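Heads up, the thing below is written out as structure tokens.
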2 protein chains.
Amino acid sequence: MPTTRTTRQREEILRVFEQAKGPLSVQDVLERAGLKVPGLGIATVYRNLKLLQDSGQLESVILPSGEARFERQGLGHHHHFQCLNCGEVVDLDFCPVHLPKGTTLPGGYAIEGHEITFYGRCPNCLEGSEAKPSSALKIGYLEERVE
Amino acid sequence: MPTTRTTRQREEILRVFEQAKGPLSVQDVLERAGLKVPGLGIATVYRNLKLLQDSGQLESVILPSGEARFERQGLGHHHHFQCLNCGEVVDLDFCPVHLPKGTTLPGGYAIEGHEITFYGRCPNCLEGSEAKPSSALKIGYLEERVE
DNA sequence: GTAGATGCAAACGCTTTGCCGCTTA
DNA sequence: TAAGCGGCAAAGCGTTTGCATCTAC
């Protein structure tokens with residue numbers, strides 16, 4: 001098998017994840033890592049995300065909007081919160097699900113795991129309520145689905 | 001505004017959703033409605049899904065695997081269960097989240113809603129454990145994420 | 001008869017891959 | 001100096017759109 005080398009691009013991409021408060025999109029990574037590595041190509045980002053995923057350093061998170069993001073692996077059981085205004089996603093240690101191992105629901109569905117995304121407003125967007133939604137945000141439809 | 005007409009294609013697509021136990025993929029719809037409407041085109045399915053979504057008859061559901069599905073609107077607050085073996089998705093009335101309206105988490109995140117997907121084994125796949133995973137199933141990665 | 005709907009194929013946008021020169025070790 | 005790696009551009013793939021034809025009303 002091929003040995004992996006330490007490159008400026010890969011180092012910077014990893015650093016970006018170490019500084020993140022929540023899962024990042026491919027564009028997030030390109031923009032942030034690109035600050036330190038001018039000329040960074042999108043294909044390089046994709047290749048490294050996959051490589052880091054396969055090597056167990058990153059894992060993917062797909063939000064209910066369909067957007068794929070990535071975060072460091074090994075953060076333990078946690079969920080995510082997405083701001084309906086700015087689209088930012090942060091990690092939450094909070095978990096409301098307390099099902100005994102081996103729980104089977106009526107109908108015979110044996111539960112082995114779960115994934116939750118919470119929606120709402122982040123502190124920034126709550127404070128300045130005049131803040132406009134990011135134009136890049138495509139989660140408007142979520143407004144209707146809120147509990 | 002344009003008036004919508006009743007076409008065989010649209011009627012059949014709606015009927016397919018009325019008979020579904022859970023959210024359906026675009027391919028599901030094409031295959032099932034195509035049985036009654038030979039020659040049904042994928043573009044027609046996409047156009048009708050969007051149209052029915054815009055008119056409030058359907059809503060989209062995006063699973064943690066990234067797969068987009070659709071289901072009838074107005075089913076009330078519910079969540080989904082996906083079988084890790086066969087990939088089937090069913091509705092669950094069960095909801096483990098009991099947060100008072102207006103709950104704000106530490107850090108100042110105001111929760112307005114949530115979305116949950118449970119994973120596990122459906123009754124069919126539990127029974128005949130020899131059942132092979134669907135070749136079309138791309139949620140193998142979920143195995144690692146199970147709580 | 002007319003505007004909406006369908007089916008086909010082209011267009012799109014995001015992701016992946018091929019190619020080749022560059023870089024790490 | 002060799003093999004992994006990055007950048008660019010082409011290829012893929014699922015979804016959307018343009019267009020001519022068909023059809024509900």
Side-chain angles (χ1 to χ4, degrees), chain A residues 1-16 23-55 57-70 87 135-139 141, chain B residues 1-16 23-55 57-70 87 135-139 141:
Chain A
M1 76 185 86
T3 42
T4 54
R5 295 178 180 174
T6 304
T7 63
R8 280 200 314 141
Q9 291 85 344
R10 188 166 303 150
E11 280 187 314
E12 190 53 32
I13 288 172
L14 268 176
R15 189 178 353 264
V16 162
L24 304 176
S25 69
V26 175
Q27 285 305 316
D28 288 338
V29 176
L30 179 65
E31 289 164 15
R32 298 183 193 190
L35 294 177
K36 295 283 184 57
V37 186
L40 178 64
I42 188 72
T44 298
V45 173
Y46 276 108
R47 274 191 280 234
N48 273 292
L49 290 177
K50 170 166 284 189
L51 188 151
L52 293 169
Q53 202 181 356
D54 291 346
S55 71
Q57 294 174 81
L58 295 180
E59 62 187 47
S60 71
V61 176
I62 293 174
L63 300 171
S65 61
E67 189 189 3
R69 296 195 175 211
F70 294 81
S135 60
L137 191 54
K138 295 177 184 173
I139 58 172
Y141 82 94
Chain B
M1 76 185 86
T3 43
T4 54
R5 295 176 180 175
T6 304
T7 63
R8 280 200 312 141
Q9 290 85 344
R10 189 166 301 149
E11 281 187 314
E12 190 53 34
I13 287 171
L14 268 176
R15 187 176 358 261
V16 162
L24 304 176
S25 69
V26 176
Q27 285 306 315
D28 287 338
V29 176
L30 179 65
E31 289 165 14
R32 298 182 193 191
L35 294 177
K36 296 284 183 58
V37 186
L40 177 64
I42 188 73
T44 298
V45 173
Y46 276 108
R47 274 190 281 234
N48 273 293
L49 290 176
K50 170 167 283 188
L51 188 150
L52 293 168
Q53 202 181 356
D54 291 345
S55 71
Q57 293 174 82
L58 295 179
E59 62 187 47
S60 71
V61 176
I62 292 175
L63 300 171
S65 61
E67 188 188 6
R69 295 195 175 211
F70 295 81
S135 60
L137 190 53
K138 296 177 184 172
I139 57 172
Y141 83 94

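Note that the structure is predicted; figures quoted are calculated from it, not measured.
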Would you kindly give the [atom1]-to-[atom2] distance between [X] and [N], to the nearest whole Å?
| X | N | atom1 | atom2 | result |
| --- | --- | --- | --- | --- |
| B:Leu30 | D:dG14 | CG | C1' | 13 Å |
| B:Ile13 | C:dT6 | CD1 | C1' | 11 Å |
| A:Leu51 | D:dA3 | CG | P | 19 Å |
| B:Ile42 | D:dG14 | CD1 | P | 10 Å |
| A:Leu49 | D:dC5 | CG | P | 14 Å |
| B:Glu12 | C:dG7 | CD | P | 13 Å |
| B:Glu11 | C:dT6 | CD | P | 11 Å |

Non-neighbouring partners of [X] that pass side chain to side chain donor-acceptor pair (under 3.5 Å), sequence neighbours left out:
| X | value |
| --- | --- |
| B:Arg69 | B:Glu67 |
| B:Ser55 | B:Gln57 |
| A:Glu12 | A:Arg15 |

Quick check on DNA chain D: between A:Val45 and B:Gln27, whose nearest nucleotide comes earlier from the 5' end?
A:Val45
Which listed nucleotide (D:dG6, C:dA5, C:dG7) is nearest to the side chain of B:Gln9?
C:dG7
In Å and rounded to the nearest 0.5 Å, what is the CG to CZ distance from A:Asn48 to A:Phe70?
11.0 Å
How long is the gap from CD1 on A:Ile62 to CG on B:Leu63, to the nearest 0.5 Å?
9.5 Å
Going by the rule side chain to side chain contact (heavy atoms under 4.5 Å, CB included), which residues pair with A:Glu31 if we only count those two or more places apart in sequence or in a different chain?
A:Gln27
Taking only residues two or more places apart in sequence or in another chain, which ones pass side chain to side chain contact (heavy atoms under 4.5 Å, CB included) with A:Arg32?
A:Val16, A:Leu24, A:Asp28
OP1 or OP2 of C:dG4 less than 4.0 angstrom from a side-chain nitrogen or oxygen of B:Thr3, does that happen here?
no
Students often get this wrong, so: under 4.0 angstrom with heavy atoms, is B:Leu40 touching a base, only sugar-phosphate, or nothing?
sugar-phosphate
Which letter, B, S or -, goes with each nucleotide of nucleotides 18-25 of chain D from 5' to 3', with contact meaning a protein heavy atom under 4.0 Å?
B----BBS
